[in-house]
Amino acid sequence: MGVVLFYSFSGLAILTALFVILLPEPTRALLSLVLTMFSLSVLYVLLGAHFVAMANLIVYAGAVLVLFLFVIMLQGIGAKDSSVLQRFHPLFLFFAPIAAMVLLAGMTYIISGLISPPAREVSGTVEAVGKLLFTDYILPFELTSFLLLVSVFAAVALAKKEKGEA
Amino acid sequence: MTIPLSHYLIVSGILFTIGLFGLMIRRNILLILLSIELMLNAANLNFIAGSALHGEINGQLTAFFVMVIAAAEVTIGLAIAVLLFRKMDSVDTNDIRHLKG
């Protein structure tokens, strides 16, 4: 059961990730990223990270990507990406896949050289994560809340229209 | 039958590579940000797989922090994208080249 789930959802994640980078319409790319998030959340649950899986669904698929959708809708048809051949000279287009393939081959080589024990499931329930979060990780936790506050200020300051500007 | 941990790492590596590839071939600022999100999530999968490797929960917390910081990054990035669109009427990085010497 777990094996079937793992291979089908990692396949789905990779397929939708390819859609994210290849589809010309930003809205479709974004919606396939939502699907990628869903399949990644399934993988997280298989690894026992229940809390992170749900946070991923709520924070990413729910909030962040909807924010993206708002901005894309705001820009309407002007946001459409030009076709690949218009963006680059075909000569330069060779380098991106080659660099990506070299990186992937290197990573696969290193990973396959590792001793690979089967994945042990750790139960990352809300209780376990919360206990650790409010004891050992209390300082980083508070710092991230401060970071979020600062980024809210920054976003408001950036998006606000200056006085006198139409 | 259990899944060897290296398969998770390889899936994460493939997703990261796809994100990097997207970063290189995309010319729309929003889609470049989306590719960065993809890379961050691949790194998250790596953290959680590492957490399962050691049987400890710390990796999951790191993934959680990465998620929060990514949310902050997206807020700023989208605000800048909106500003650019307002000023230059375009989100294409071929049009936004004032910093090019």
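In what follows, chains are A, B, ... by sequence order, proteins preceding strands, each numbered from 1.
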Participant: Is a side-chain donor-acceptor pair under 3.5 Å present for A:Thr36 with A:Thr16?
Facilitator: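 Checked: A:Thr16/A:Thr36 side chains pair up, N/O donor to acceptor below 3.5 Å.
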Participant: Please flag which part of B:Val74 lies under 4.5 Å from any non-hydrogen atom of chain A: side chain, backbone, both or neither.
Facilitator: side chain
Participant: For the interface with chain B, which of A:Thr108, A:Leu40, A:Leu147, A:Asp136 has the highest count of heavy-atom pairs at distances below 4.5 Å?
Facilitator: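 The option with the most such pairs is A:Leu40.
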Participant: Check A:Asn56 against A:Met37 and note the closest heavy-atom contact, atom names and distance.
Facilitator: ND2-O, 3.6 Å
Participant: Which bit of B:Leu15 comes within less than 4.5 Å of chain A, counting heavy atoms only: side chain, backbone, both or neither?
Facilitator: side chain
Participant: Let's go through A:Tyr44 and B:Gln60 carefully: what are the C-alpha distance in whole Å and the side-chain angles of both, what is the deciding distance for side chain to side chain donor-acceptor pair (under 3.5 Å) to 0.1 Å, and is it a yes or a no?
Facilitator: CA-CA 9 Å; A:Tyr44 294 169; B:Gln60 298 184 8; over 6 Å; no
Participant: Quick one: of A:Val150, A:Leu148, A:Val156, who has the most non-hydrogen atom pairs under 4.5 Å with chain B?
Facilitator: A:Leu148
Participant: Please determine, among B:Ile76, B:Val82, B:Leu20, the option with the most heavy-atom pairs under 4.5 Å with chain A.
Facilitator: B:Ile76
Participant: Quick one, A:Phe19 and A:Leu31 - any side-chain contact, counting heavy atoms below 4.5 Å?
Facilitator: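 Counting from C-beta outward, A:Phe19 and A:Leu31 never come under 4.5 Å.
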Participant: As an exercise: rank B:Leu45, B:Ile69, B:Leu23, B:Asn44 by heavy-atom pairs under 4.5 Å with chain A and give me the winner.
Facilitator: B:Leu45
Participant: For chain B, which of A:Val59, A:Val152, A:Leu67 has the most heavy-atom pairs under 4.5 Å?
Facilitator: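 Among the listed options, the one with the most contacts to chain B is A:Leu67.
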Participant: If you count heavy-atom pairs within less than 4.5 Å of chain B, which of A:Ala100, A:Ser10, A:Ala99 leads?
Facilitator: A:Ala100
Participant: Heavy-atom pairs under 4.5 Å with chain B are the metric here; pick the option from A:Ile111, A:Val52, A:Thr144, A:Leu65 that has the most.
Facilitator: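 The option with the most such pairs is A:Ile111.
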Participant: So which part of B:Glu56 gets closer than 4.5 Å to some heavy atom of chain A, the side chain, the backbone, both or neither?
Facilitator: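 It is the backbone, since no side chain atom gets that close.
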Participant: Measuring only between side-chain heavy atoms, which start at C-beta, is B:Leu40 closer than 4.5 Å to B:Glu73?
Facilitator: yes
Participant: With a 4.5 angstrom heavy-atom cut-off, is it the side chain or the backbone of B:His54 that approaches chain A, or both, or neither?
Facilitator: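 Interface part for B:His54: backbone (N, CA, C, O).
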Participant: Could you tell me which portion of B:Leu61 (side chain, backbone, both or neither) has an atom closer than 4.5 angstrom to a non-hydrogen atom of chain A?
Facilitator: side chain
Participant: Any idea which heavy atoms bring A:Pro26 and B:Leu31 closest together, and the distance?
Facilitator: CA-CD2, 4.0 Å
Participant: Heavy-atom distance under 4.5 Å to chain A: side chain of B:Ser6, backbone, both or neither?
Facilitator: both
Participant: Kindly give the heavy-atom pair with the smallest separation between B:Phe21 and A:Ile21, and that separation in Å.
Facilitator: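 Scanning both residues, the minimum pair turns out to be CD2-CD1, 3.4 Å.
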Participant: At a heavy-atom separation under 4.5 Å, does B:Leu83 approach chain A through its side chain, its backbone, both, or neither?
Facilitator: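 B:Leu83 touches chain A through side-chain heavy atoms alone.
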Participant: Parallel, tilted or perpendicular: which one describes the rings of A:Phe141 and A:Phe134, with boundaries at 30° and 60°?
Facilitator: perpendicular
Participant: Quick check for you: to the nearest 0.5 Å, what is the distance between A:Thr27 atom OG1 and B:Leu30 atom CG?
Facilitator: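 Going from OG1 on A:Thr27 over to CG on B:Leu30, the span is 10.0 Å.
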Participant: Checking B:Ser12 side chain against B:Tyr8 main chain: does a donor-acceptor pair fall under 3.5 Å?
Facilitator: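 It does not hold such a pair.
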Participant: Tell me, for B:Leu33 versus chain A, whether the close heavy atoms (under 4.5 Å) come from the side chain, the backbone, both or neither.
Facilitator: both
Participant: Search all heavy atoms of B:Ala49 against all heavy atoms of B:Leu9 and return the closest pair with its distance.
Facilitator: CB-CD2, 4.0 Å
Participant: Answer with side chain, backbone, both or neither: which region of A:Tyr60 has an atom nearer than 4.5 Å to a non-hydrogen atom of chain B?
Facilitator: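 Contact with chain B involves the side chain of A:Tyr60 alone.
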Participant: Counting heavy-atom pairs under 4.5 Å to chain B, which of A:Val64, A:Leu33, A:Leu133 comes out on top?
Facilitator: A:Leu133
